[in-house]
Amino acid sequence: MTTTWRSGLELWLDDPEGEDPAPETSHPAFAKVAPPEFYDKGDEFAPFGNDSGSDMLGNVQDWYLDGVTDDELPRIVMGSLGDWDTEGITDGLWSGDSDVIDDWFAAWGSIAAHHVYHETNGVIAAAVGQFKVRGLLDPVMRRAGLFALAVKRGSLDDGDLRYPNWEHTARARAGAEAVRRVLIAAPVVGSPLHRGEPLPTGLDRKALDALGGPAT
């Protein structure tokens, strides 16, 4: 399966009976910037290579087929997190900022690492998945994805202190950085990049990278 249409939206979808995701079943804007590991469901440090990420990509595609629009997706994604048994550990985390992340890790630390792992992977996969399916990001979905990435980095920082000899640290951090670069490259609905307009004077790609991505 490549493209189909629902609710006036062009969707790039994987074959549910096929192999791993592929550039050929991804929006060209996504395929242009996504590294090869993003299509590998066996790479646990890639967005769709872990159980939560793989399931979320399937959910995102199904939700779009059911008629969900770009701006409805973030609400549905965040609502789906309530279906996961986090025992209240992550309550309030997803509406916070960097200070909230630091305070949360100080309070919970490794006790909640399992729950954070699954939720952050799910939200990251949803953001990357929207880009893959639609070739763009809703501003709220983009913010949620970058916030989840900040939480993941907080988890890695916490892990460095508790488990300094973990052999997969470099791969995990490289995977997080790859996600950041792809989310930054995604056109955001309503932004100059999405509308095909020139960037504001003096705001080049390097400046966008420093800001964390296109302004909305």
Side-chain angles (χ1 to χ4, degrees), residues 33-57 59-60 74 77-131 137 139-186 206-213:
V33 299
E37 59 267 24
F38 275 38
Y39 304 105
D40 184 359
K41 283 195 171 183
D43 185 344
E44 64 178 298
F45 301 111
F48 313 128
N50 52 79
D51 289 342
S52 302
S54 178
D55 290 346
M56 183 60 79
L57 175 61
N59 289 340
V60 167
V77 168
M78 305 317 278
S80 74
L81 299 183
D83 297 333
W84 299 359
D85 182 17
T86 59
E87 301 176 357
I89 289 174
T90 55
D91 287 355
L93 180 62
W94 296 108
S95 60
D97 54 26
S98 58
D99 290 336
V100 172
I101 296 172
D102 292 340
D103 291 344
W104 187 89
F105 274 102
W108 289 100
S110 60
I111 297 174
H114 176 76
H115 299 295
V116 172
Y117 175 84
H118 288 294
E119 287 201 358
T120 53
N121 283 340
V123 176
I124 287 170
V128 177
Q130 183 176 53
F131 186 18
L137 275 177
V140 177
M141 193 70 259
R142 175 183 177 275
R143 180 187 180 281
L146 291 173
F147 189 84
L149 192 58
V151 174
K152 176 174 282 255
R153 284 175 165 172
S155 180
L156 291 173
D157 291 343
D158 183 71
D160 285 346
L161 296 175
R162 299 173 186 274
Y163 312 105
N165 297 319
W166 189 46
E167 61 182 327
H168 300 299
T169 296
R171 286 185 60 208
R173 290 194 178 278
E177 175 60 17
V179 169
R180 185 188 72 86
R181 291 189 175 278
V182 167
L183 292 181
I184 286 173
K206 185 176 180 180
L208 285 172
D209 189 73
L211 289 170

Exercise for the section: Could you check if a side-chain atom of R143 sits within less than 4.5 angstrom of a side-chain atom of P74, using non-hydrogen atoms only? Expected result: no

Handout entry: Backbone of D51 reached by a side-chain donor or acceptor of S54 within 3.5 Å
Key = no

Practice task
Over all heavy atoms of both residues, which pair between A126 and V60 is shortest? Give the atoms and the distance, please.
Solution key: CA-CG2, 4.0 Å

Handout entry: Rounded distance (nearest 0.5 Å) linking atom CG of L137 with atom CD1 of I184
Key = 11.5 Å

Handout entry: Salt-bridge present (R173, E177; N to O < 4.0 Å)
Key = no

Exercise for the section: Describe, in one word, how the ring planes of H168 and F45 are oriented to each other, choosing from parallel (under 30°), tilted (30 to 60°) and perpendicular (over 60°). Expected result: tilted

Exercise for the section: Mind running side-chain contact (heavy atoms from CB on, under 4.5 Å) on I124 and L149 for me, showing each step along the way? Expected result: CA-CA 7 Å; I124 287 170; L149 192 58; 4.1 Å; yes

Exercise for the section: Just do the side-chain contact (heavy atoms from CB on, under 4.5 Å) check on N121 and K152 with the steps written out, would you? Expected result: CA-CA 8 Å; N121 283 340; K152 176 174 282 255; 2.7 Å; yes

Problem - Any R180 side-chain heavy atom under 4.5 Å of R153 side chain - result: yes

Practice task
Evaluate the side-chain contact (heavy atoms from CB on, under 4.5 Å) criterion for residues F48 and V128: first the C-alpha distance (whole Å), next the side-chain angles of each, then the deciding distance (0.1 Å), finally the verdict.
Solution key: CA-CA 9 Å; F48 313 128; V128 177; 3.6 Å; yes

Completion exercise
Scanning both residues in full, the closest heavy-atom pair of E37 with A46 reads O-CB, 3.1 Å

Problem - Side chain to side chain, V33 and F38, heavy atoms closer than 4.5 Å - result: no

Handout entry: Shortest non-hydrogen contact from G122 toward M56
Key = O-CG, 3.2 Å

Practice task
State, yes or no, whether a side-chain contact exists between V182 and P35 at a heavy-atom distance under 4.5 Å.
Solution key: yes

Problem - For P47 against A125, the heavy-atom pair lying closest together - result: O-CB, 3.6 Å

